[in-house]
Amino acid sequence: MKTSAPEPESGDNVSYDFVALEAKWSSWWEKHQPFTVVAGEDDRPRKYVLDMFPYPSGDLHMGHAEVYALGDVVARYWRLRGFQVLHPIGWDSFGLPAENAAIKRGVDPRQWTYSNIDQQKASMKRYAASFDWSRVLHTSDPEYYRWTQWLFLKMYEKGLAYRKDSWVNWDPVDQTVLANEQVLPDGTSDRSGAMVVKKKLTQWYFAITQYADRLLDDLNQLEGRWPAKVLAMQRNWIGRSQGAEVDFVIEGRPTPVTIFTTRPDTLFGATFMVVAPDSDLAAELVEDGTEEVKASFAAYLESTQKASEIDRQDASREKTGVFLNRYGINPVSGERLPIWAADYVLADYGTGAIMAVPAHDQRDLDFAKKFDLPVRVVLDTNAPVTGAIPVVTEEMLEAGDLPPADPLVTGEALAGDGRMINSGPLNGLSKNNAITRVIELLEEAGTGRAAKTYRLRDWLISRQRYWGTPIPIMYDEQGNEVAVPFDQLPVTLPSGEGLDLRPKGSSPLGAAKEWASVTHEGKKLTRDADTMDTFVDSSWYFLRFLSPHDDTQAFDVAEAEKWAPVDQYVGGVEHAILHLLYARFITKVLFDLGYLSFTEPFTSLLNQGMVILDGAKMSKSKGNLVYFSQELDAYGVDAVRLTMAFAGPPEDDIDWRDVSPVGSQKFLARAWRLSGEVESKPGIEFGAGDAPLRRHTHRFLADVPPLIESFKFNVAVARIMELVNHTRKTIDQGPGASNPAVREATEAVTLALSMFAPHTAEDMWERLGHQPTVALQKWPEADHSLLVEESVTAIVQIDGKVRQRLEVAPSIARDELEKLALESEAVIRALEGKTIVQVVVRAPKVVSIQTQP
RNA sequence: GCCCCGGUAGCCCAAUCGGCAGAGGCAGACGACUUAAAAUCGUCCCAGUCAGGGUUCGAGUCCCUGCCGGGGCACCA
């Protein structure tokens, strides 16, 4: 046995000093860098654990404290389980706040950004997250954004990055365009809070809609591994609708207009058509019209564009529109349908034109009533739908059998199923049969087809701001696009010094004349002055971590093969749509380009909740902030981390008022004290130790791993507390501190605590006489022979009431337990005067007896 | 309006397959130690699981309805 181990100090005269522990162990980790992963021939299994990287705005806050505590539990857990764990960290360091701060203070955004990063980095180290500090990246480093530009050009080559002229979301405060995803449901910007307006601009897009089906369908493979909530949100967002496209011939127009509908069964009920006022089609349809029509359309278009988004989205708002004095022909009935323009039809959904079926669509009905347009019921929703295809005969109709309610009278469009009427060849069919049939008819005639459409729009990535990745495109004098050759990347940002960064609706980069004009192959070209949405930067950063210093490629394909996809991703639910959807999209693109062998970037996702105070989100304006560094000063890093894990299920919000970092601190002190009281030497045989404590320890060793793997960190911490309590009792009231079981239990506590309270655990490990670091120890296998209980308590219920408890062997046979139960005194007494009707035996736990009086 | 998640002790939360409602913590009470207090150690208190119905020998757990809370989507054809 080693004699170099320090004598355990007496627990009585040494107190738990978290300040000293933090100082001691943080410098040990800084010196030894135990979490650096080096490429080599380590053939242990691997885990890639990734926490969403922070935006460098000020210091870390309590939200960060939670993510990085929980992510670290998972990373440290897999290390204890013998895995090589890649756990990197970086900064998402491009973005508007840096630029706005720079404008306010008149400094270069770099200065603000990198000094914030330094501050956060120091806080992160203090927080003792087990990151591989050799892999730090910042998306605003030219070494990084060079490869963001590479990604753009790869997408450009594939036709997935393209420019189009379209109505876009314009933020009048930040003076930039926004993606649809950045506009909140109330029509305001998610960043500035300003009411977003529509503007027609030529912008760059990523063709994410081409991947809509895959983005939707592949969610199935994440079922059970991602929170159901996030899967639902993504499905909702992609919003696939199944239906049909139908071509309507337009009088006086050479080509037909195609509409999208989810209800092709109601085609015979179409009584007019509507086009979006801001669509090209609407403009074209009035082009040759009378001055009167043109004028009324122009006035209407103007008024709709003045309507704010919040008004426009109000479904209860009265319908508005103008008649365009044009007509379309219903392809199945030949009926002549007037064409209107109305803003309840959206230009960028479906085809921007609809057939209106007022009898069966509430919006169309509202419109028809307002403008006195005809309403024709084509689906009798009173008619029963049975398995057999019902047939409605002319006689039945004439006899007035099951007359449909009149939507014009009730004001309610008829939803639901029934039998088709007034629909020629569809009459008598149920809704679904009619859909199938009418699509067949349309396809035969060549005037329509099955189709699907999406709520998802292409991803607008241009931003008229300075602090972002420059778009690597140049234009000749005719405005033609010229891609910057790959070997000329990166297109670096010019210095912000002397540039007017104030938002003015066009890119500040355009004003950097020297930077913007280039000579390329003898031609004078101008650079695109826009920068990319920062979500492009973060859509692939998890790959860059695999080879962060490689200056020959975006990421090392062989390393990606080894480590990716990310096994465990940890972050806030606020990124449930945006970031995760984009990262999934880019992963699929890189798969298609042959760089990756997988199509989903994040195998498992953990969303932690928010840290709130008094039931409300913390905010500066509410004055209910809890400051990260103050909490660490007051309670210590380990107590704060432990509190985060113990507060409740990770996905729930933590109300800082409801939790007790003081309690965590006391518990850590209590656990730490054990390590000083253990009187046996390291390496001692545990076999002869106190049996109840040993059983508890091995139960613990068996129970904790599945708890961590199912993210029940709070329960795992409770288990540690129980074992600490039992050990305390064994020392004070049992066989005492020299019993080997006390050491075994305390070591198990130390290993488990290393996931939650690394400083305390390192110190305990050392006080137990071991060499650092506890973080790289192996979690002991539970000895299952110790887990077998000698006896269990079986209960005997009579008519649902517990009447007897029996100590029985766990392996007791069904019949024997029944016999034992029926023969026990309390049961015999309880059964007096009653007749047994039924006895259910579930050995070894329950005997349930039913009686009759 | 549609969809999803949740309601267990004063508070935060546990409870494999449906099988004794309580693991852990906070707060509270009491005791030991102390001149006293803090710290520490120990003991104790507290709900029948939002409401109503159903299935079952047995329901916190499964099913239905409703109430309350949280979240997502919403003039998306």
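A note on names: the letters A, B, ... follow the listed sequences, proteins ahead of strands, and every chain is numbered from 1. Everything numeric in this text was worked out from a predicted model, so none of it was measured.
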A:A282 backbone acceptor or donor facing A:S279 side chain under 3.5 Å: yes
Reckon A:R657 has a side-chain N or O less than 4.0 Å from the OP1 or OP2 of B:rC26? no
Can you tell me the base-pairing partner of B:rG69? Count Watson-Crick or G-U wobble geometry only, both distances below 3.5 Å, and say none if there is no partner. B:rC5
Considering every strand and a 4.0 Å limit on heavy-atom distances, what is the contact class for A:R235: base, sugar-phosphate, or nothing? nothing
Where does B:rC45 land, syn or anti, once you apply the within-90°-of-0 test for syn? anti
Which part of the nucleic acid, if any, lies within contact of A:D364, taking any heavy atom under 4.0 Å across all strands shown: a base, the sugar-phosphate backbone alone, or nothing? nothing
Letter by letter from the 5' end, nucleotides 28-33 of chain B scores (B base, S sugar-phosphate only, - none; protein heavy atoms under 4.0 Å) ------
Rounded distance in Å between the C1' positions of B:rA23 and B:rC4: 30 Å
Is the base of B:rG48 syn or anti, where syn means the angle lies within 90° of 0? syn
Suppose you measure atom P in B:rU16 against the same atom in B:rU61; what distance do you get, rounded to whole Å? 13 Å
Using a 4.0 Å heavy-atom cut-off, does A:R670 contact any base of the nucleic acid, only the sugar-phosphate backbone, or nothing at all? sugar-phosphate
Is a donor on one side and an acceptor on the other found under 3.5 Å between the side chain of A:T351 and the backbone of A:T258? yes
Summarise protein proximity over nucleotides 9-16 of chain B in one line of letters, 5' to 3': B for base, S for sugar-phosphate only, - for none, counting protein heavy atoms closer than 4.0 Å. --SSSSS-
Please measure how far the C1' atom in B:rC17 lies from the corresponding atom in B:rG70, and state the result in whole Å. 30 Å
